[in-house]
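So the structure is just underneath, and the comments pick up after that.
To find a chain, count down the sequence lines: A is the first, B the second, and so on, and within it residues start at 1.
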Amino acid sequence: MSGIKDRVAIIGMGCTKFGERWDASSADLMVEAAYEAYEDAGIEGKDIQAAWLGTVASFRTGQPLADALKLDYIPISRVENACATATDAFRNACYAVAAGVYDIVLALGVEKLKDSGFSGLAVPEAPGADVNPPVPPPSQFALAATRYFHEYGIPFDEGKRTLAQIASKNHHNGTMSPKAHFQREVSAEQVANAPMVAWPLGLFDCCGVSDGAAAAIITTPEIAKTFRDDYILVKGLGLSVGAFGIMRNDWDFTHFPESVRASQSAYQEAGISDPRREIDLAMVHDCFTITELIIYEDLGFSPRGQASADVAAGTFTLEGDLPVNTDGGLKCFGHPIGASGIRMIYEVYKQLQGNAGPRQLQKADLGLTHNLGGRPGSFTCSVALFGTRE
Amino acid sequence: MAGIAAFGGYVPRYRLGAATDGWNSRAERAVANFDEDSVSMAVAAGLDCLAGRDRGLIDGLLFATTTPPYAEKGCASIIATALDLRRDIFTADITDVLRAGTTALKQALDSVAAGSARQVLVIASDNRQGAPRGEAERNSGDGAAAFIISRDDVIAEHEGHYNITENMMDVWRSAGDPFVRSWEDRFAIEEGLERILGDAVAGYMERQGISARDVGKLALYAPDGRRHTQLARQLGFAPEQVQDGMFGRLGNTGTAFVPMLLAAALEDAAPGQLVVAASYGDGSDVIGFRAAAHPGNGQGSHGVSGYLNSGRALDSYETYARWRDVWVTDAASRRPQAQSPSVSALWREGDRNIRFYGASCNQCGFVQYPPQRVCVKCQARDDSTPLRLSDRPGRVFTYSMDYLAGTTDTPLVIAVVDFDGGGRALCMVTDRELDEIKIGLPVEMSFRKLRVVNGIHNYYWKAIPRRAAD
């Protein structure tokens with residue numbers, strides 16, 4: 001098993017403005033993201049030999065990508081893997097290049113959520129007996145928050161304050177991201193006092209529901225050298241799918257095993273033994289503030305039960321030891337589900353190239369992205385690692 | 001000789017009463033939650049009656065109500081499945097008249113006496129609706145009672161009956177009518193209730209060769225407390241002979257009313273006492289039971305009085321109006337439209353959804369819900385034993401309170417429940433007060449109606465805080 005480390009490179013990326021894109025159809029979003037990536041890479045659509053389209057709720061096939069970009073007669077696959085969709089589309093594209101089947105491929109994630117007429121997340125489900133409790137995403141993660149507070153003896157107000165600091169940090173980062181859905185400061189007090197959505201999580205503990213698209217052009221390192229010097233290398237790709245639902249009564253609800261497994265396999269591939277010290281920045285799946293808190297521990301950034309102390313110490317701010325969600329995260333950049341993973345890669349790519357504008361980190365050589373889809377007990381988690389050229 | 005081998009009751013948790021904002025009566029009444037109906041309450045009373053007993057001995061189920069959720073499609077079959085009864089039993093819905101409960105008792109007694117069944121479960125349950133602010137709304141209550149009619153091991157022996165059938169238009173509800181209607185009160189009481197019930201009780205006593213003083217307890221129908229007292233006096237019974245009608249606490253529970261009075265009378269019956277049930281509606285059924293040497297019920301059942309004593313005041317009439325769809329609120333329209341449940345999936349999943357079967361792995365013993373082909377713990381394939389979880393107590397492991405989930409009682413409390421003896425399920429929590437929800441809360445399962453889509457009443461189990469006397 002040789003792994004993916006240093007076998008594929010990104011030579012171009014694009015990302016639309018995320019948000020309530022009443023002005024744009026899904027085709028518009030795909031064109032916007034893809035053409036930014038073409039121009040960044042210095043290629044044309046006809047140079048693309050194969051494509052992977054990530055979308056959860058917008059399309060069923062890869063054809064709409066061909067239709068929007070007029071990619072005539074090349075192979076296109078639609079990939080769907082819950083909130084890990086875009087990263088998984090990217091992952092499949094990487095493997096095709098690493099296998100030597102193609103030279104230049106496109107991975108593109110898109111989601112058009114705001115045409116549903118519903119302000120929450122409305123994703124149709126397959127017909128069934130329809131007896132399972134309606135557990136919207138906020139409640140799924142609220143179950144973890146309740147148990148996390150209980151397990152570590154964290155009083156409600158204190159727990160809310162910690163979560164509020166995470167939201168406030170991401171809002172601050174979002175003010176420096178011109179493409180983010182939300183671009184205003186929100187204080188920790190505002191977060192903590194916001195109306196409840198799913199107790200103990202309030203409105204500002206939840207990420208935005210947005211429209212958007214993001215794209216990556218992937219090739220081999222050898223070909224990448226012919227396009228640009230600052231291409232970005234893939235260092236590791238981990239994917240873990242949970243099997244146990246909530247049926248295991250020996251599971252604690254305070255950690256997500258899928259995140260642990262996916263990160264460990266990516267770390268192993270990349271040769272990382274001390275993620276807290278070695279990784280310079282991380283874009284993680286902060287669908288809810290509690291998710292980001294638990295991710296700190298699952299990815300090995302904080303010891304179990306210690307994430308709150310690291311939040312208080314400012315570890316994950318732009319100025320901290322390990323900045324997390326430098327572009328505002330799902331919280332503020334927004335969460336068009338099928339696009340989010342590649343949006344995260346876009347931020348890591350820009351940071352590693354030194355092109356992240358006012359939020360540019362001083363040291364950015366190794367970056368991580370993390371997506372968590374599904375629900376507690378049944379997550380699909382992807383972790384990807386990216387580095388600069390040696 | 002046929003008789004009653006066990007009995008049980010059910011009264012919903014909530015009460016409209018003095019503590020209910022906007023309730024215009026001093027009298028209290030029991031009110032079904034938004035997710036309860038005659039079927040779900042019947043299951044609760046059936047569980048109460050079956051507690052600690054062998055369900056495999058039940059050969060038939062008769063369900064009496066005037067409020068069946070379906071006009072075409074049996075309800076007894078839903079109840080029998082939820083109660084995990086055998087498949088080779090007979091069932092029937094006996095409906096449309098307030099004396100259906102005693103009619104069902106008589107049918108069961110006849111079956112058992114004839115030898116066509118060993119044990120028959122009889123359940124009467126009703127949640128009739130009066131028009132907003134009207135007398136029927138004030139005086140009605142919701143509840144259920146259940147009896148096992150058996151040939152052997154009876155705690156109260158059948159002792160005669162008398163029936164009257166008379167076509168009488170005093171109280172009625174046409175197909176499609178939401179609310180009960182009635183003719184002028186004086187006519188209904190004098191020419192209906194007093195005359196017919198009087199004839200029926202007198203007819204029973206004459207047939208049995210007894211007089212009023214031979215009756216230990218009379219479980220007597222009446223629409224309200226004043227009429228109840230008046231009628232009993234007219235019939236020649238002293239107040240201590242009349243089973244407390246629980247007026248001002250329970251309310252008139254329709255078809256279930258006399259059966260609930262009978263169950264309450266049996267809770268306290270002295271050995272050898274004659275208990276007489278007298279119902280009313282298009283005539284009357286009068287049935288007598290003589291309490292055996294040890295008349296009490298088995299362990300583990302709440303009974304009518306246990307449930308009646310574990311009530312909570314509903315906060316406001318507005319909540320009640322929302323529960324009964326008298327007020328249609330905006331919250332209900334905010335979620336995307338629900339799609340019809342798949343009937344083939346409902347059928348396929350009957351054991352897990354309606355019987356609430358989990359499974360215990362034969363290799364490692366791990367209990368899982370719903371049952372899995374491949375064990376969630378040891379991955380053994382197709383090697384497990386079904387395990388009924390509906391009557392297993394549990395505790396809340398973690399929970400959330402969801403303000404956007406689109407339920408009638410916002411916030412929707414969602415809990416991860418760990419069952420005693422193993423098994424974990426994600427459950428909706430109902431009959432709950434927000435201030436009682438906590439990690440470790442003892443809960444039990446309750447059969448409830450989730451929603452009605454495409455005319456399909458979709459039932460499933462929810463968790464409720466345990467109904468010990470509050």
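Enclosure of atom CG in B:D21 is not indicated, since only 12 or fewer non-hydrogen atoms of other residues, nucleotides or ligands lie within 6.0 angstrom. Surrounding CZ of A:R261 are at most 12 heavy atoms belonging to other residues, nucleotides or ligands under 6.0 Å away. Heavy-atom neighbours of A:W22 CH2 from other residues, nucleotides or ligands within 6.0 Å: above the threshold of 12.
In this structure, B:A425 and A:I246 approach most closely via the heavy-atom pair C-CD1, 3.5 Å. What you find for B:L346 and A:A129 is that their closest heavy atoms are CD2-O, 3.5 Å.
Ranked by non-hydrogen atom pairs under 4.5 Å with chain A, the options B:L450, B:V367, B:V453, B:I414 are led by B:I414. Of the listed residues (B:E349, B:R451, B:R348, B:Q368), the one with the most heavy-atom contacts under 4.5 Å to chain A is B:R451. Listed options B:K462, B:K377, B:Q372 were ranked by heavy-atom pairs under 4.5 angstrom with chain A; first place goes to B:K377.
Using a distance-only test at 3.5 Å, with no hydrogens or angles considered, no donor-acceptor pair links the side chain of B:N353 to the main chain of A:V131. Not a single donor-acceptor pair under 3.5 Å links the side chain of B:S400 to the backbone N or O of A:A198. Under a 3.5 Å cut-off, the side chain of B:R424 and the backbone N or O of A:W251 do form a donor-acceptor pair.
Side-chain contact between A:N249 and B:F397 is absent, with no heavy atoms from C-beta onward closer than 4.5 Å. At least one side-chain heavy atom of B:L412 sits less than 4.5 Å from a side-chain heavy atom of A:P134. Residues B:L426 and A:V135 form a side-chain contact, since some pair of their non-hydrogen atoms from C-beta on lies under 4.5 Å apart.
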- Would A:W199 and B:Y403 count as a ring pair (Phe, Tyr, Trp, His ring centres under 6.0 Å) if you check the C-alpha gap in whole Å, the side-chain angles of each, and the deciding distance to 0.1 Å? CA-CA 8 Å; A:W199 192 96; B:Y403 288 82; 9.6 Å; no
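The distance from atom CG of A:D130 to atom CG of B:N454, rounded to the nearest 0.5 Å, is 12.0 Å. Put simply, CE on A:M247 and OH on B:Y369 are 11.0 Å apart, with the number rounded to the nearest 0.5 Å. Taken to the nearest 0.5 Å, the OG1 atom of B:T398 stands 10.0 Å off from the CD atom of A:E151. From A:S139, atom OG reaches atom CG of B:L404 across 8.5 Å, with rounding to the nearest 0.5 Å. With values rounded to the nearest 0.5 angstrom, B:Y399 atom OH is found 10.0 Å from A:H150 atom NE2. Taken from CE in B:M428 to CG in A:N132, the straight-line distance is 8.5 Å, to the nearest 0.5 Å.
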